[in-house]
Amino acid sequence: MQSHAMLPVARMSAATHVIVQECPECPEGSDSLAVEEHKSFLVVCGEYFHRLRMREVLPVLQSETGQRYVEYTCVRYVYSESQGAESCGAFVMAGHSIPEAQKMHGRLRAGGLRDQEARSVRETCGLNSIHVPVPSRLEALVAEFGHFTYVFNSIGIWTYVAYTTWNIGLLWLLMTLGSGTYRALGITRPGQKRVSDLARMQKACVVLRDRQLEEVDVSEIVLGDIVQVQGGADAELPCDGVVISGSLIVDESMLTGEPMPIAKMPVEDAPCNHLHVKSNKAYAGTRVIESRGEKENGGLALIYCTEVGARTARGELVRMVLFPSSVKFKYTDQLPLVYAFMCLYAILAVILHLSAVDPGSGVVQYLHILCSLCGALSPMLPVSLVMGQSVSAKRLTGQEYNIKCLQPGRIPIAGKISTMVFDKTGTITKSTMDFAGVHIVHAVRTDVEAQLQSEGARFLQPLRLEALEGCERPGRPETLDSDCECGKAVLESWLLGMPELLHSALAVCHTVKQLEDGSLVGNELECAMVRKMSCSIGHDTITLANGQKYEILRELQFDHKSMTSGIVVRRQGQVGEVDVFVKGSPEKIRALALPSSLPPNYDQTVMQHAKANYYTISICHKRLRASDEQVGELPRGDLEENVALCGLLLFKNEMKSEAPEAIQQLKDGAVRSVICTGDNELTGIAIGRQCGIVSGDCLLATVESQQLVWQDPDKEGSLQARKAEDSDCQLALTCAAWHHLSEREPALLQKLWPRCVVFGRMKPDDKVNVVKYFQRQGLVVGMAGDGGNDCGGLRAAHAGIALSSAEASLVAPFSTGRLEGHGVNGRSGQISLLTIPDLIREGRACLATNLATFTYFIVQAISISGMNLTILIDNNVTVGEWMWLTKDIGLGMVMTFFMTRSRALPYLASIRPTASLLGARTVCTITVQVLLNWLFFFCAFRMLKSQPWYDPLNPVFDISIAPHLWMLKGDNYDGALCSLFWLTSLATVSYVNTYGGNFRRSVCLNWGINASYLSVLFLVAFITLSAPNLLNCLYRVNCDTPNSLACKSLPLLDELSVGGVGECFLGPQVKYWQNHTRPHLPLADGDSPWLPSPDTDCLPPKAILEQLPLDHPIISTGKGFNVGACVGPNNCFGEAFKWKLLGLLALLAFLHHFVMKFVFLGPVAQRLRSSKPRFRRSQDAEAAQGDGHFSPVYPEEPRGEEPKIQKVFCHNRILPYSMLRDEGGEQRPDGGRLRACAQASSTPHLRKQILWQLFLTLSVSEIKTHWATFGVIFFAFGMKNLVNQVEIAFARSLVSCTEPLLDVYTGSQWCGNRLEVISVGYSISQRGQAQESCAMLASILMVAVLGSVFGRKVVLMAGLCGTTLSVALFILACALPSWSRTLFVLGQGLQGLLPIDHLAGLIYFDISRKGGGMATYQVKGLLDMIGNLLWGPVLGNVVQYLELASWRLRCRVSIAGVFA
């Protein structure tokens, strides 16, 4: 192995390697209000780990000519000396910019590239190919098994094998090899092969070089080549390029999701001509339906190559598959921190192993430690998260949803969506627009001079194409069927009523192309218009229905900047003059058209049509005297100015039938819906009202004279800015208003954005900016569009879904072609909008499942290791081998798999699931479940030790079992008890974490988890209550020697066992036989003592049997106490103990169910959510970083109308209006009015009464608002005072001496000397005080450090848990006299962990700063007064009385403290 040291160099030219790190995209623009928020420790650590993952080291390569370059994500970056900071050089992408149109046409006239130039360009930019290596089978296996997960698994496998546990190691090995081989050879390698086939294009193409068309391989195409495009069924574009000659009709559904073919026209050879990407540029990988060109070019179109290799559209698709963008989500960022915490826990377990466990061998100790590490750092944890996402992705792609998922990692992100941005056309409304009619402008002259003098332009009655009875199109009754006789008659009468100029404008003002089969290709609006004209479209001519022909001189493609399109034509027989037709948005046409050609009511008419849900386009005309050459050289702006309005084109776009239902479901799920459309804002408002996004009044913001103007769309005239800003109605913004607010008034936009629901006339870039602005507000943003102009927004959103039936691979991570009425008839032909709530529902269910499996594995790691460590420390024992197999296979894999099978609810809940692995809810769930498991296990363990038949056994030192034979260390009472708690606790934790709750269906509908859980519960009940049998002996619970030997007859199980199954049962009774053998069988040096053997039926020598026969009570029952029909050494429980143990296990399961159902998913959680203060809700939204760090964002709550109080009565006096307002003119709250009343009072006595009323009013209001916080603080103070009052008396109760007890209780039941009890008790208390002082220092650090990470309430709850644990230690001290003083000192030390003294002041300050003011401290003073009386004299006297009245003080008060 060789290692190369990487040292920084002064200049890039000397570098041998380059470190590449992708940086997060910075938000565009600046915000004067933006203040850098304090990032918590978890966020900082998450960002650091994310940066490490995004860092890559690249070697610097060199070509044959000495050109230095690096390749990153299949793209070549060449070294440039002039680039970089301070001219230190940099690696840049060569030929990244597209040349001007004149330069491309100049290359065509020059005959293309020369061969030498092509070789030079190829040297710089590389080949037009994407090399995707497909590894061999051996290479794929090596790469797969070299991953950290398999390396970590191998440690566990070989540890088990070395620990004589070959059966568990073999199962792990088989599972690891099987899953790894299937993943490498069944998924990864075939996937790479498919990507390689997608990237490979092996065919010849024709390029223009040295003025000749020559055939070359596709890989030899270079930037700047002139490529001849072939058409046909299997023809695909070999590279990205701009059409410079001829025309193309291509299918771009793979790239944009638009199912309609698109016409590509040549870029004009004119100075300062702008390239129109949508109409001029063609992309590699798109299918070429038709290619037309000049005869000298072979009758085919020519394109100028602008991108090759991985930089093409096909290359981008391949790169997205090979190098998927990392999904930065909260729980993925926190997973390394979880492993860090679990490592600390594992280190603690290792320390306990080293200090408290003596397995009898250093090698076995080392293997013990490795097993503990494998248990704490479960490799199944990340696998379970991916498993849940894979199951959700499979459900989405099924028949129920029919949603294609390209990035399963974004499914849980979709579950956190708080704002959904909708495009209008094709998303909320139908994808097709119907040409509904025209609104003609009267008295329009055609010559420019007459136009300047024209007066009196006015609108005539609109000519609408109304569907008549019998003329409807089948399946679409709202449209006219022009193929039937009735429809033709209607069209003919409609055309007769139209002026000839407008008729010609409709027939020629478009860029639609007609294929040989007569089908139309182009913009959907233009196609709908042309279908009504019945005209014939040739290559460069258009023939009207009346036989009139027009020659196409120049096409003006639609420009998103100018929002216009047009055409320049010459009528047949026309000499010296040309006709210019322009159409576009009414706002743009108003600026371009002659003022005299616009009717006075132009704006009002456009507004009326928009309110009637018509999509309106203005169409204009002018006549020029110009030649063909002049037409080609004139700038586009000159052609479009001074045009005369001909009329308005009216298009109807009906709303989808399922849109209102989908929007209502999102509302019910607390998801805010927003319309962002390129259509008119009034049309957006009208559609918003129909579907439910706009409810009630809505104000429209426009810009006039660089000033923001508010208008009521339902009324005429503008509103005052302050009135509009202070109202509670919803808002709609035009594109100009959006730019004005975002660039000039960001503070106002920050105030208004929660009420903005409609954005009109938005360009594609504006949609992206709207999405990013919402993301900067801390929202998780989703977007739905049809995949056309919405591509940018769909990619920018956290979860974008393209409503397209095409394979929209590059558009969004989700796409769907599910039709309305899915599962019923699906005849509408429109893609259903209900897929949006379906996606969010499944995302929420997936996120809840991920958190559930995470909770299970963390609880398993902590609970199981804690129980196992307890019995290891106590007696150096463990559980049986088949218990380990059941835990790893039956519970860890089977039940986890069924946990992921829970389906989503059929509706959206009004809350969103948490996404934090270290959030309060997740941590509390894990803590409670672990504490319940530990508490019940320790209680049962203590109860077991108190049984008269219990017999402890240390297998290594009591009966000399070899240290490495761990499987023989489960034949005891401790391991049996631990096995039962393992099965019950893990199965119950898995089941309760599968509860439906607010996001998943009821767990009762998950048959797999129910069957598994009932099977485990039945197994636990059976092996607990039954007499010894084969199944019991398999798990080494309630087993005896004959049944253990009988297990040898079990098929296959005996062969898979490494020991124990079919062997003698080495129970605690063996040591009595062994002790009796020592005098009869003296041992030589190095000999092992006698152990039972199956060869002798597990019986000792005859001499020993005479003294201790098999049926002796000590051997067959255990210490002579009857425990059932057990023969020989056994671990049978007593009958009474069995029922007590089963009751404890049932109570443990019940409490798990109760806590989950009624606390975390029930009324307690609902009450906590409802009592959360509003100012805390607004702070819950953290700034989104990339795709992650999302916290719950609460929906906006409608604010009630504030009562406008003009006067107030104060003791029969009417206060003036001015006293009810503050200095800024704002109305005062109740407290302000009472203060004004007090100031107006004349007498001091009356003023005191009013101030007292003010004090009560503010205090009651503050308590109602923050009752939960005040209650927790008051309770925390009470807990601390309770323990402080008890601790000294409790310390006295632990004192023991030789003096007998007197009639008067001295404070201790073990000492009759009162003075000694007081003295020694004080000494014990002082030791506890020293521990408490150290804990208080830790609590201060906890408040200072952890308070900024988890929040102060979580720190307070952690302190309460520490104090409660101290009371539990007091209770254990009651039951364990030998450990009583040690447990007391530990318990008193834990009291210092409650940081209430330091934390309460900070919490009070937070509440007062957020609106409480002095009222908060008034409530604090009131609570302090009550607490000092209640917790001081009252509680102290009660404790003193109880101590003198009864010696049972400690248990009574301690138990009361636990229940408190």
Side-chain angles (χ1 to χ4, degrees), residues 100-110 226 242-248 263-276 279-280 292-304 446-449 451 500-501 504-514 522 526 535-544 547-559 562 564-583 592 619-644 646:
E100 296 181 354
Q102 283 188 320
K103 184 176 181 180
M104 290 187 282
H105 281 277
R107 177 66 55 81
L108 175 60
R109 290 190 292 269
I226 307 298
V242 177
V243 181
I244 57 175
S245 177
S247 62
L248 297 173
K264 301 293 182 179
M265 306 306 298
V267 63
E268 298 179 3
D269 185 10
C272 302
N273 185 40
H274 296 288
L275 174 67
H276 302 286
S279 58
N280 297 139
R292 294 180 181 179
E294 304 294 338
K295 293 182 179 180
E296 58 268 19
N297 298 327
L300 300 174
L302 301 179
I303 63 172
Y304 180 93
T446 57
D447 53 289
V448 177
E449 292 79 3
Q451 289 169 6
E500 181 182 356
L501 180 62
S504 301
L506 295 179
V508 302
C509 189
H510 54 79
T511 57
V512 174
K513 302 301 176 185
Q514 192 170 20
E526 295 180 337
C535 57
S536 176
I537 305 173
H539 178 61
D540 53 1
T541 60
I542 298 177
T543 305
L544 275 60
Q548 184 68 51
K549 288 188 178 181
Y550 284 89
E551 180 185 359
I552 302 174
L553 302 180
R554 181 176 176 181
E555 290 183 341
L556 306 177
Q557 300 290 336
F558 178 76
D559 185 9
S562 64
T564 58
S565 64
I567 194 168
V568 183
V569 296
R570 175 179 286 113
R571 190 175 54 197
Q572 186 179 23
Q574 191 176 20
V575 179
E577 290 183 337
V578 296
D579 290 316
V580 180
F581 294 97
V582 178
K583 67 178 187 298
L592 296 175
I619 190 166
C620 306
H621 168 264
K622 77 172 181 180
R623 187 161 292 164
L624 287 179
R625 296 184 180 276
S627 61
D628 294 354
E629 292 77 10
Q630 291 175 336
V631 168
E633 295 175 356
L634 279 174
R636 177 167 176 164
D638 294 346
L639 292 173
E640 293 180 342
E641 66 180 3
N642 294 329
V643 291
C646 297

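Taking OG from S247 and CG from L300, the interatomic distance works out to 10.5 Å, rounded to the nearest 0.5 Å. With rounding to the nearest 0.5 angstrom, the CG atom of L302 is 13.5 Å from the CZ atom of R107. With values rounded to the nearest 0.5 angstrom, N297 atom CG is found 10.0 Å from I226 atom CD1. Interatomic distance, OG of S627 versus CD of E633, reported as 7.5 Å (0.5 Å rounding). Distance check: K513 NZ to K264 NZ gives 13.5 Å after rounding to the nearest 0.5 Å. For the atom pair N280 CG and I244 CD1, the distance stands at 11.5 Å (nearest 0.5 Å).
With contacts defined as side-chain heavy-atom distances shorter than 4.5 Å, the pair I303/L248 qualifies. With contacts defined as side-chain heavy-atom distances shorter than 4.5 Å, the pair E551/Q572 does not qualify. C620 is not listed as a side-chain neighbour of L592, based on a closest heavy-atom distance of 4.5 Å or more. Within the 4.5 Å cutoff, the side chain of D579 has no heavy atoms near those of the L501 side chain. Two residues are said to be in side-chain contact when any heavy atoms from C-beta on lie closer than 4.5 Å; V580 and V568 meet this criterion. Side-chain contact between I552 and I542 is present, with at least one heavy-atom pair separated by less than 4.5 Å. In this structure, the side chains of T541 and Y550 stay at 4.5 Å or more apart for every pair of heavy atoms.
Heavy-atom contacts from other residues, nucleotides or ligands closer than 6.0 Å to CD of E500 number 12 or fewer.
Between T564 and E640, the side chains place a donor N or O and an acceptor N or O closer than 3.5 Å (distance only, hydrogens not considered). Neither side chain, S245 nor E294, offers a donor N or O lying under 3.5 Å from an acceptor on the other.
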TODO: Take I537 and H510 through the test side-chain contact (heavy atoms from CB on, under 4.5 Å) and record every step on the way to the result.
DONE: CA-CA 11 Å; I537 305 173; H510 54 79; 3.6 Å; yes
Open item on the list: Between L506 and F581, does the side-chain contact (heavy atoms from CB on, under 4.5 Å) criterion hold? Intermediate values first, please.
Closed with: CA-CA 9 Å; L506 295 179; F581 294 97; over 6 Å; no
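Between I567 and C509, the closest heavy-atom pair is CG2-CA, 3.7 Å. Here the shortest heavy-atom pairing between L544 and C535 reads CA-CB, 4.1 Å. For the pair G246 and P266, the tightest heavy-atom approach, listed with the atom from each and the gap, is O-CD, 2.9 Å. Closest non-hydrogen pair, E526 versus K583, comes out as OE2-NZ, 2.7 Å.
Each of K622, R625, R570, R571 was compared with E577 under the salt bridge (Lys or Arg N to Asp or Glu O under 4.0 Å) criterion, and only R625 meets it. The residue from Q102, H105, R554 that alone fulfils the side chain to side chain donor-acceptor pair (under 3.5 Å) condition with E268 is R554.
Under the 3.5 Å distance criterion, the side-chain polar atoms of E555 are left unmatched by any main-chain donor or acceptor of T511.
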